[in-house]
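One structure is given below, encoded as structure tokens.
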Amino acid sequence: AGVELNQLYPWGFLPFAGTPRVLLGLSVFAGGIALAGWSVRTMRLAGTRFETSQPTSAIVAAGAYRHSRNPIYTAMGPG
């Protein structure tokens, strides 16, 4: 839907004049890094592993996992 809308109305990423796109990109990137770090820290404090190839020893429902089922994947963004 986004691709089709861009074909009809090509605004670019931000329609606002004067908005520094590099700073916005860096802030989104920093937010993703912070979310991933918070998620890994929460898993370590719960005493379980965060690697997807390893079995878990506890179900974590605190921290970032209170708001998202997979916050590490959310932090990685669209791939």
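Since this is a predicted model, take the numbers as computed values, not measurements.
- Closest of all the heavy-atom pairs between Tyr65 and Met43 is OH-CG, 3.3 Å.
- Remark: Ser68 engages Pro71, Thr74 in a side-chain contact (heavy atoms from CB on, under 4.5 Å) (not counting sequence neighbours).
- Checked against side-chain hydrogen bond (donor to acceptor under 3.5 Å, both in side chains), Arg49 has the following partners two or more places apart in sequence or in another chain: Glu51.
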Can you give each donor-acceptor pair under 3.5 Å made by side-chain atoms of residues 22-42, sequence neighbours left out, with the distance rounded to 0.1 Å?
| residue | atom | partner | partner atom | Å |
| --- | --- | --- | --- | --- |
| Ser27 | OG | Leu23 | O | 3.3 |
| Ser27 | OG | Leu24 | O | 2.7 |
| Ser39 | OG | Leu35 | O | 2.8 |
| Thr42 | OG1 | Trp38 | O | 2.8 |

Considering only distance and modelled atom types, tabulate donor-acceptor pairs under 3.5 Å from the side chains of residues 55-63, sequence neighbours left out.
| residue | atom | partner | partner atom | Å |
| --- | --- | --- | --- | --- |
| Ser57 | OG | Gly47 | O | 3.1 |

